[in-house]
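For reference, the structure is listed below as structure tokens.
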Protein chains: 2
Amino acid sequence: MRPGRTTPFALLGMLRLGPQSGYALRRELSAAAGLFWSESYGQIYPGLRELTRRGWAKRRVERGAGGGPRGRVRHRYEMTPKGARALQAWLALPPRRSAPRDELLLKLYLGDRDTVDAPSGWVRRLLLEETDRLRQVRRMMEILPRGTHAHRSLRHWLMALEFVERQSEASVAWCQRTLSTLELMQEANARRRTALQRRSPME
Amino acid sequence: MRPGRTTPFALLGMLRLGPQSGYALRRELSAAAGLFWSESYGQIYPGLRELTRRGWAKRRVERGAGGGPRGRVRHRYEMTPKGARALQAWLALPPRRSAPRDELLLKLYLGDRDTVDAPSGWVRRLLLEETDRLRQVRRMMEILPRGTHAHRSLRHWLMALEFVERQSEASVAWCQRTLSTLELMQEANARRRTALQRRSPME
DNA sequence: CGACTGATCTATCTGTCAGATATATACTCC
DNA sequence: GGAGTATATATCTGACAGATAGATCAGTCG
């Protein structure tokens, strides 16, 4: 299947919660699904244009609060019945997996003994990031059931978050184990270098 | 940071094992690192062109086995010392994380009670894929130490594979748990529909 | 030998996307 | 009233995925 074309549907999906501006759409999507889905800024407005072009959303132009002729122009998008059907059809389609592309792992694989010191810093950073991510997702999972969030199915949302939780847990565990391995390798490397230096001293 | 520009370095990294054709480069990369890194076909030749343009690789044109003037032209690329330095510099740079983009999770989040039946099929498919992936990575981790693979650092390679292993384990566990939850929801849904039908029968 | 088949190999094209950037208005706190 | 921040619309560049094209080579079967 051809690449993507998911952005318009993600936007459409967010419109189910009610009419929104492009900016708000992105903000809401990021707040609700940012842990497993991210939209690029550059795709929002082309995406919204496509929605109106296909008749899946209606664009309402409003004047800013000032009310005067120089008030800011705001665009509010609203899903049409046709758009609702298109969304349902897309939701029924099997999701596409993205190709694996992890630059950290690639660099680990391509590296060698001489590059052994840098990775531990990256792994430490990843450990911090994943720990934070884990905290975030657990907080969301706890808060969500109590909140009055407008959503369609809390249980599906929690499933998605649980996936993130498990992935992050696995990442954290890997980071910890890998860090200790890397430290052992660094020590061995340091000993090796010292030994070489003794055999052929610089001075 | 700007998008990628990792393809040329991935190719350069593979050239450390010796001169290769573009086709072989991609094959080797996929065999060794395909579980955590994938290269697009469309990037190979532009990438190789960039390597020669920058003086990081030399391109040797060879004739096919036929030897005649009509034999197939083969291009073999070889890393230059300048290329080796460029690779080292790139390897020392911190890796960039890709933005999360999981279409399955997005669809789960955007779906509702009426769309509840489709996801279980997707999750079942994911379970099969991840189980297979897990088998693959474990097999590689077992075979690698015995093999005579040309590589720079077996331990780094194994680290990368261990990451994949942990991620896949987490995915499998999530699939199993999610499948049972979805089945419960489907049953509840079926009961709800039957109840509705009883209250307002079609006939 | 010649036709067929599948693997090897080089290469291009299209559309999607990430990330940066530009620009301007509205609100808020001091 | 000024500074700083949030809201908002929008464009541009280059990287990238996936599909496709087209050619050559090796093996097989009749």
Side-chain angles (χ1 to χ4, degrees), chain A residues 1-11 19-31 34 37-52 59-77 96-103 106, chain B residues 1-11 19-31 34 37-53 59-77 90 96-103 106:
Chain A
M1 215 191 245
R2 303 277 219 66
R5 191 73 315 204
T6 53
T7 301
F9 293 103
L11 293 171
Q20 295 264 34
S21 73
Y23 185 84
L25 236 32
R26 198 210 178 251
R27 187 182 0 93
E28 298 298 314
L29 185 55
S30 169
W37 188 263
S38 60
E39 264 313 324
S40 162
Y41 264 113
Q43 297 303 109
I44 302 284
Y45 296 98
L48 289 172
R49 235 188 329 263
E50 187 177 341
L51 291 186
T52 55
R59 169 176 163 154
R60 247 176 251 284
V61 182
E62 296 172 2
R63 284 288 150 188
R70 298 187 48 253
R72 148 184 271 167
V73 178
R74 296 181 73 246
H75 301 134
R76 191 175 287 275
Y77 296 84
R96 292 166 317 105
R97 296 197 70 180
S98 50
R101 210 144 214 271
D102 191 314
E103 203 175 293
L106 179 67
Chain B
M1 217 191 246
R2 300 278 219 67
R5 193 73 314 203
T6 54
T7 301
F9 292 102
L11 294 171
Q20 296 265 33
S21 74
Y23 185 85
L25 236 32
R26 199 212 177 249
R27 184 176 10 87
E28 298 298 313
L29 185 55
S30 169
W37 189 262
S38 60
E39 264 313 323
S40 163
Y41 264 113
Q43 297 302 111
I44 302 283
Y45 296 97
L48 289 171
R49 231 187 332 261
E50 187 177 340
L51 290 186
T52 54
R53 188 164 50 73
R59 170 175 163 155
R60 247 174 253 282
V61 182
E62 295 173 3
R63 284 287 149 190
R70 295 185 52 255
R72 152 185 266 167
V73 178
R74 297 181 73 247
H75 300 135
R76 191 174 286 276
Y77 295 84
W90 179 76
R96 292 168 315 108
R97 297 197 70 179
S98 50
R101 211 141 213 275
D102 190 313
E103 203 175 294
L106 179 67

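So you know, we letter chains A, B, ... as the sequences are listed, proteins then strands, and number each from 1. Any value given below was found using the heavy atoms of this structure, including those in side chains, with hydrogens, waters and symmetry copies removed. Quick caveat, the model's predicted, so the values are computed rather than measured.
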For F9(B), give me all partners under ring pair (Phe, Tyr, Trp, His ring centres under 6.0 Å), at least two apart in sequence or on another chain. W56(B), W90(B)

Quick check for you: among dA15(D), dA10(D), dA17(D), whose closest atom lies nearest to any side-chain atom of S40(B)? dA17(D)

At under 4.0 Å between heavy atoms, what does G22(B) touch on the DNA or RNA strands: base, sugar-phosphate, or nothing? sugar-phosphate

Within the 3.5 Å criterion, strictly below it, is a donor on E39(A) or S30(A) matched to an acceptor on the partner's side chain? no

Look at the side chain of T7(B) and decide which nucleotide, out of dT16(C), dC16(D), dT10(C), has an atom nearest to it. dC16(D)

d(CD, E28(A); P, dT7(D)) in whole Å: 10 Å

Spacing of L11(B) atom CG relative to dA15(D) atom C1', expressed in whole Å: 14 Å

Spacing of L25(A) atom CG relative to dT9(D) atom C1', expressed in whole Å: 13 Å

Side-chain N or O of Y23(B) closer than 4.0 Å to phosphate OP1/OP2 of dT10(C): no

Would you kindly give the CZ-to-C1' distance between R96(A) and dG15(C), to the nearest whole Å? 12 Å

If only side-chain N and O atoms of R27(A) are considered, is one of them under 4.0 Å from the OP1 or OP2 phosphate oxygen of dA8(D)? yes

Over all strands shown, is R76(A) touching base, sugar-phosphate only, or nothing at heavy-atom distances under 4.0 angstrom? nothing

Taking the side chain of H75(B) as heavy atoms from C-beta outward, which of dC16(D), dT8(C), dA11(C) is closest to it? dA11(C)

Here the distance between atom P of dA18(C) and atom CZ of R26(A), to the nearest Å, is 10 Å

E103(B) side chain to R96(A) main-chain N or O, any donor-acceptor pair under 3.5 Å? yes

On DNA chain C, more 5' by nearest nucleotide between Y41(B) and P100(B) is Y41(B)

So if I take every side-chain heavy atom of R101(B) and compare against dT11(D), dA18(C), dC16(D), which nucleotide ends up nearest? dA18(C)

How close do L51(B) and L11(B) get, counting heavy atoms only, and between which atoms? CD1-CB, 4.1 Å

In whole angstroms, the gap separating C1' of dT8(C) from CD1 of I44(B) amounts to 14 Å

Just the table, please: protein N/O against nucleotides 21-23 of chain D N/O, every pair under 3.5 Å.
residue, atom, partner, partner atom, Å
dA23(D), N3, R72(B), NH2, 3.4

Any side-chain N or O of R74(B) less than 4.0 Å from the OP1 or OP2 oxygen of dT10(C)? no

With sequence neighbours left out, what residues match R59(A) under salt bridge (Lys or Arg N to Asp or Glu O under 4.0 Å)? none

Within the structure, does a side-chain N or O atom of S98(A) lie under 4.0 Å from either OP1 or OP2 of dC16(D)? no

Quick one: salt bridge (Lys or Arg N to Asp or Glu O under 4.0 Å) partners of R97(B), sequence neighbours excluded? E129(A), E130(A)

Closest to the 5' end of DNA chain D, once R97(A) and S21(A) are matched to their nearest nucleotides, is S21(A)

P8(A) vs Y77(B), nearer the 5' end of DNA chain C by closest nucleotide: Y77(B)

Could you tell me which residues satisfy salt bridge (Lys or Arg N to Asp or Glu O under 4.0 Å) with R76(B), sequence neighbours excluded, listed by chain and number? E62(B)

Measure from CG on L106(A) to P on dC16(D) and round the result to the nearest Å. 11 Å

Once you round it to whole Å, what is the distance between P of dC16(D) and CZ of F9(B)? 11 Å

Contacts of E50(A) that satisfy salt bridge (Lys or Arg N to Asp or Glu O under 4.0 Å) - sequence neighbours left out: R5(A), R54(A)

